[in-house]
Amino acid sequence: MGSTSGRTNEGLGRRDVIKRSAALGLITVPTMSFLSACASSDGGSDEKAEKGTKSAKNPLGVNEAAALEVVIFNGGFGEQYAIDAEKKYNEAFPKAPKVKHSATEKIQSILQPRFNGGTPPDLIDNSGAEQMDMGVLVGKKQLADLTPLMDAPSYDDPAKKVRDTLRPGVLEMGQFDGDPVWIMYYAYTVYGVWYSQTALEKLDATYPETWDDMLALCAKAKKQGIAGWTYPGKYPYYLPFSLYPFIAKIGGREVLDKIDNLEPNAWKDPAVKAAFEAYYELFAKGYILKGTPGLTHIQSQTEWTKGKALFIPNGSWVENEAAPTTPDDFKMTVGAPSGLDSSDKMPFGTVWASGGEPFIVPANAKNPEGGMEQLRIMLSEESSRNFTQKVKSLTALNGGTDGLTLSTALQSGVDVLAKAGENVVNPRLQDWYAKLQKEQIGIAGIGEMMAGRATPAETIKKIQGFADAAAKDQSIKHYKHQ
């Protein structure tokens with residue numbers, strides 16, 4: 001746990017001085033169906049490959065002649081790192097056909113029919129805007145338990161199990177209730193407020209550690225024709241990447257736990273109110289880049305790398321994703337969320353960092369052992385280093401960066417983690433209740449507020465309603481922090 005403070009503020013704190021503006025009403029957003037009953041299969045065979053013989057070189061008992069199919073989310077990390085690791089699989093199992101590889105941004109659209117038809121691929125990178133709902137997949141027993149992988153010898157050191165080579169918290173993220181491990185988060189993502197160190201230097205400024213300093217810097221930038229913030233307005237569920245740890249910093253990580261647990265009135269906590277009011281002030285003071293509500297993640301990142309806005313909430317995949325438009329002298333950097341005031345319960349440096357890029361092996365996969373073996377290969381030091389070099393991001397392997405020259409963005413992520421120490425939070429809402437997090441809290445709630453179409457009070461009331469409905473919905477499986 002982070003440090004807490006029992007001090008009272010001298011004079012007025014940020015909670016007392018923030019003023020609000022009136023806003024218009026909320027709109028509703030249509031929901032996206034998941035695993036729809038009308039979907040059809042891809043017409044393939046649903047017969048599973050026979051298991052192979054376990055050995056020191058084949059600890060998972062992969063059928064050495066069986067085909068393996070892998071589908072990768074073609075987003076910020078691209079697909080080459082997976083292709084490289086798949087070559088290692090074919091070297092290990094030369095009798096098997098070449099790994100059938102495909103990449104797409106439309107994970108749900110492409111794979112939903114195959115799940116319904118009982119013919120899913122063997123390994124899936126379930127990520128992106130069309131990510132399949134993890135909570136639903138686990139609740140409907142659509143995933144294979146990855147415990148055999150976790151207990152298998154690691155690729156580089158047979159004396160160590162795979163589970164013992166992972167960064168703190170990665171294995172736990174793949175668990176929903178109890179011991180089974182349903183998801184292997186391959187990347188290790190630092191979420192926060194991203195900026196150009198060069199842009200701050202041009203303003204003779206440093207990264208703001210308090211919200212007053214944040215607003216003052218935004219005002220200074222505005223005078224130079226630069227917006228303070230932008231974000232993916234079409235996908236406003238990016239905003240929680242900095243907003244959620246901001247809430248935890250104000251009120252303690254237990255506030256986020258209550259939100260994850262769908263506890264009554266969790267969203268009415270004073271820390272949530274304070275954080276929402278602070279973010280709303282960015283809109284009220286005109287510090288949001290004009291047109292932001294209509295931007296995609298790529299468009300908002302492009303405006304940011306062009307220098308039209310100082311800050312953007314994002315994850316560490318942004319370096320690779322925004323590389324085509326990032327100037328050589330940009331000095332991309334991540335910062336932990338600014339504090340609110342001196343009564344914050346957690347120190348500056350509190351950050352959200354956790355496993356990212358979730359890989360799953362479907363329960364009905366034809367070659368589940370092969371899917372797990374591919375993950376075992378990806379968690380080798382060679383594949384991990386290759387990933388970091390190619391996409392400028394850490395992996396779940398605890399290490400693998402020795403001797404590498406890190407970019408400013410990647411080094412800043414390492415530095416942020418070092419400064420945070422134990423003050424790292426890991427909200428689970430996006431894993432447990434994807435629809436609630438993205439469509440309702442993100443788009444219909446926070447997105448409307450940041451576009452100026454709802455006040456913080458209206459937004460909190462609406463989001464609490466969404467959370468209460470999810471808590472009462474018996475058609476979905478519910479999870480709680482243990």
The reported gap from NZ in K462 to CD1 in I446 (rounded to nearest 0.5 angstrom) is 12.5 Å

Here the pair of heavy atoms bringing T333 nearest to K331 is OG1-O, 2.9 Å

Note to self: Evaluate R114 against L111 for side-chain contact (heavy atoms from CB on, under 4.5 Å), listing each step before the verdict.
What the structure shows: CA-CA 5 Å; R114 297 189 58 184; L111 297 183; 4.3 Å; yes

Problem set entry | Flag, side chain of S383 to backbone of S380, donor-acceptor distance under 3.5 Å | no

- Any chance you could lay out the side-chain contact (heavy atoms from CB on, under 4.5 Å) test for Y81 and I72, step after step, and finish with the verdict? CA-CA 10 Å; Y81 74 92; I72 298 295; 4.1 Å; yes

Tightest non-hydrogen contact, residues K392 and L410, listed as O-CD1, 3.9 Å

Worksheet item: Does N261 use its side chain to pair, donor to acceptor, with the backbone of H481 at less than 3.5 Å?
Response: yes

Practice prompt. Take F276 and L243 through the test side-chain contact (heavy atoms from CB on, under 4.5 Å) and record every step on the way to the result.
Written response: CA-CA 8 Å; F276 275 37; L243 181 58; 3.7 Å; yes

Note: L149 and M372 closest approach over all heavy atoms is CD1-O, 3.5 Å

Heavy-atom distance under 4.5 Å between the side chains of E130 and E105, does that happen here? no

- Query: Ring centroid separation for Y479 and W182, is it under 6.0 angstrom?
  - Reply: no

All heavy atoms of N367 vs all of D122, minimum pair found to be N-OD1, 2.7 Å

Step through the shown structure and confirm whether more than 12 heavy atoms of other residues, nucleotides or ligands are within 6.0 Å of CG on D329.
-> yes

inquiry  = For F246 together with Y279, are the ring centres under 6.0 Å from each other?
reply    = yes

Please check if the number of heavy atoms outside K480 that lie under 6.0 Å from its NZ is greater than 12. yes

Rounding to 0.5 Å, atoms CZ (R253) and CD1 (I247) come to a distance of 14.5 Å

Check: F77 ring centroid to Y186 ring centroid under 6.0 Å: no

The side-chain contact (heavy atoms from CB on, under 4.5 Å) partners of K98 (sequence neighbours excluded) come to N90

Q. Does the side chain of M173 come within less than 4.5 Å of I183's, by heavy atoms?
A. no

Checking I476, V136, D260, D473 against Y433 for side chain to side chain contact (heavy atoms under 4.5 Å, CB included), the one that qualifies is I476

Checking K161 side chain against M150 main chain: does a donor-acceptor pair fall under 3.5 Å?
no

What one should report as the nearest heavy-atom pair of V181 and T147 is N-OG1, 3.7 Å

task = Using a cut-off of 6.0 Å, state whether more than 12 heavy atoms not belonging to K88 lie near its atom NZ.
result = no

query = Side chains of I312 and E303: does their closest heavy-atom pair fall under 4.5 Å?
reply = no

Given the options W317, Y231, W194, F311, F241 meets ring-ring contact (aromatic ring centres under 6.0 Å, His included) only with W317

- Query: Taking the side chain as C-beta and beyond, is there a heavy-atom pair between P236 and M450 under 4.5 Å?
  - Reply: no

OG1 (T296) and OH (Y238) are apart, to the nearest 0.5 Å, by 8.5 Å

Output yes when a side-chain donor or acceptor of Y191 lies under 3.5 Å from a complementary backbone atom of S354, and no otherwise.
-> no

Rounded to the nearest 0.5 Å, the CD atom of Q430 sits from the CG atom of L436 at a distance of 12.0 Å

Counting distance only, does the side-chain N/O of S154 pair as donor-acceptor with the main-chain N or O of K160 below 3.5 Å?
yes

Any side-chain to backbone donor/acceptor pair from S55 onto N58? Under 3.5 Å, distance only. yes

Nearest heavy-atom contact between T230 and S300 is CG2-O, 3.7 Å

- Query: So, does N63 use its side chain to make a donor-acceptor pair with the main chain of A49 at under 3.5 Å?
  - Reply: no

* To do: Would you mind reporting whether V170 and N398 have side-chain heavy atoms less than 4.5 Å apart?
  => no

(request) Could you please spell out the steps behind the side-chain contact (heavy atoms from CB on, under 4.5 Å) verdict for E357 and F387? (result) CA-CA 12 Å; E357 219 62 16; F387 178 86; 5.9 Å; no

Note to self: For a quick check under 3.5 Å, do T408 and Q197 share a side-chain donor-acceptor pair by atom type?
What the structure shows: no

request  = Would you confirm whether N126, through its side chain, and M132, through its main-chain N or O, come within 3.5 Å as a donor-acceptor pair?
outcome  = yes

Can you tell me if T165 and Y155 form a side-chain donor-acceptor pair at under 3.5 Å? no

- Would a distance-only check, ignoring hydrogens and angles, find a side-chain to backbone donor-acceptor pair under 3.5 Å from T388 to S393? yes

Item to complete: State, yes or no, whether a side-chain contact exists between L379 and M184 at a heavy-atom distance under 4.5 Å.
Response: yes

>> Which label fits W432 and F176: parallel for a plane angle under 30°, tilted from 30 to 60°, or perpendicular past 60°?
In response: tilted

Practice item. State, yes or no, whether a side-chain contact exists between E373 and F93 at a heavy-atom distance under 4.5 Å. Key: yes

Between T395 and S384, is there a donor-acceptor pair closer than 3.5 Å when you use the side chain of the first and the backbone of the second? no

Query raised in the report: Among side-chain atoms of D468 and Q464, is any donor-acceptor pair under 3.5 angstrom?
Result: yes

> Is the W267-F466 ring centre distance short of 6.0 angstrom?
Replying inline: no

OG1 of T325 to CD1 of I298, rounded to nearest 0.5 Å, is 8.0 Å

OG1 of T104 to CZ of F73, rounded to nearest 0.5 Å, is 8.5 Å

Partner of D84 under side chain to side chain contact (heavy atoms under 4.5 Å, CB included), picked from E79, K390, E382, is K390

query = Can D431 and R428 be counted as an ion pair, charged N to O under 4.0 angstrom?
reply = yes

- Measure the shortest side-chain to side-chain distance between V334 and S316 over non-hydrogen atoms and say whether it is less than 4.5 angstrom. no

Applying ring-ring contact (aromatic ring centres under 6.0 Å, His included) to F330 and W304, what does each step give before you reach the verdict? CA-CA 10 Å; F330 194 75; W304 172 60; 5.1 Å; yes

